Chemist: 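Mind having a look at this structure? Questions to follow.
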There are 2 protein chains.
Amino acid sequence: MDKISGNALRGHLDAMVLATLARGEGHGFEIMQRLGTAGRGALELKEGTLYPVLYRLEAAGMIVGKWETGATERRGPRRRIYKLARNGKRDLKRRQEQWRHFIQIIGGIVEAPA
Amino acid sequence: MDKISGNALRGHLDAMVLATLARGEGHGFEIMQRLGTAGRGALELKEGTLYPVLYRLEAAGMIVGKWETGATERRGPRRRIYKLARNGKRDLKRRQEQWRHFIQIIGGIVEAPA
DNA sequence: CCTACTATTTAGCGAGACTAAATAGAGTTG
DNA sequence: CAACTCTATTTAGTCTCGCTAAATAGTAGG
């Protein structure tokens, strides 16, 4: 099956990122990879797509990011570790409900037998 | 449940219109109403949203439109009746498969338990 | 040194859904 | 008959947000 078209993701990317972080904190590059894996080849998010989402979610107080330091730090460019904020957990739940609503309504129209 | 946000519809509207016409030809205003009903209050498409979709689909050869005349015609402003073209039927099937793929992949990410 | 991989940043583009208003015929009400 | 309300279509302009593309930077290997 082909790649999921860019526009189809609109309005769902935030929920996808929040859901990914709900399974454990991580830095941008890692989240990108996790989404790629979870997308089973159908998702190919690029940096320019994901990072702005993270900035937006952090600015909105949904996630909290801090530069990795100390013991856990590794060699290479510095990484910003993000985790879900309280607001983000609430928001994720809300977005999951909206997702179910969305697929029920839109699916009911798109999949309706002729 | 609240209204389905505009952006979430992106990339799915075409499929919704094709599916609506698969259940019987109709004119723009009617399609708008049918979608409103099928959306159970969660969809509120306006003219400026729907008509451009029809023009686009017609230009792409997915649907065929003609001005209503003769016996079936009714009083009031003239109406343009659209019906699925052969290409449109094929396209609808393809889009339905893509829809299932989409909700499987995205749903798998958004709904995954923490 | 060059390439490759991890990691982040950011400027600018474009698709397409939305807002808003205009146009128009027919029926209804005061 | 003016004003209003439906049905019905058209279209100009806006805005969101995911995508393209490239730059910057640290580390490692050939």
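Labels below follow one simple rule: chain letters A, B, ... track the order of the sequence lines, proteins then strands, and each chain is numbered from 1. Quick caveat, the model's predicted, so the values are computed rather than measured.
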Chemist: Heavy atoms, side chains only, cut-off 4.5 Å: are B:I63 and B:K83 in contact?
Modeler: no

Chemist: Side chain of A:L9 only, heavy atoms from C-beta on: which candidate in D:dA22, D:dG18, C:dA17 is closest?
Modeler: D:dG18

Chemist: Is any side-chain N of the basic residue among A:K66 and A:E25 closer than 4.0 Å to the acidic one's carboxylate O?
Modeler: no

Chemist: Rounded to the nearest Å, what distance is computed from the CZ atom of residue A:R34 to the P atom of nucleotide C:dA7?
Modeler: 12 Å

Chemist: Looking at D:dT16, I'd like to know if its phosphate oxygens (OP1 or OP2) sit under 4.0 Å from a side-chain N or O belonging to A:R56.
Modeler: no

Chemist: Rounded to whole Å, please give me the gap between NZ in B:K66 and P in D:dT9.
Modeler: 15 Å

Chemist: Indicate, with a heavy-atom threshold strictly under 4.0 Å, whether A:G28 touches base, sugar-phosphate, or nothing.
Modeler: sugar-phosphate

Chemist: Indicate yes or no for a side-chain donor-acceptor contact from B:T49 to the backbone of B:L45 under 3.5 Å, with no hydrogens or angles considered.
Modeler: no

Chemist: Think B:Y55 has a side-chain N or O under 4.0 angstrom from the OP1 or OP2 of D:dT10?
Modeler: yes

Chemist: Please report, rounded to the nearest Å, how far the C1' atom of C:dT6 is from the CH2 atom of A:W67.
Modeler: 13 Å

Chemist: Separation of A:M32 atom CE from C:dT8 atom P, in whole Å?
Modeler: 9 Å

Chemist: Can you tell me which nucleotide in D:dT16, C:dA21, C:dT8 comes closest to the side chain of B:N7?
Modeler: D:dT16

Chemist: State whether the number of non-hydrogen atoms from other residues, nucleotides or ligands found under 6.0 Å of A:R40 atom CZ is greater than 12.
Modeler: no

Chemist: Expressed in angstrom and rounded to an integer, what is the separation of B:L43 atom CG from C:dC18 atom C1'?
Modeler: 14 Å

Chemist: Can you tell me the distance, in whole Å, between the CG atom of A:L45 and the C1' atom of D:dG18?
Modeler: 9 Å

Chemist: Nearest-Å distance, NZ (A:K46) to C1' (D:dA21)?
Modeler: 10 Å

Chemist: Is B:R10 near enough to C:dA17 that one of its side-chain N or O atoms lies under 4.0 angstrom from OP1 or OP2?
Modeler: no

Chemist: Salt-bridge test for A:E30 and A:R34: reply yes if a basic N is under 4.0 Å from a carboxylate O, no otherwise.
Modeler: yes

Chemist: Counting side-chain heavy atoms from CB outward, which of C:dA7, C:dA17, D:dA8 is closest to A:H27?
Modeler: C:dA7

Chemist: What integer distance in Å separates B:F29:CZ from D:dT10:C1'?
Modeler: 14 Å

Chemist: With respect to the phosphate group of D:dT10, does any side-chain polar atom (N or O) of B:Y51 fall under 4.0 Å of OP1 or OP2?
Modeler: no

Chemist: Want to settle it: does B:G11 or B:E47 sit nearer the 5' end of DNA chain C, counting the closest nucleotide to each?
Modeler: B:G11

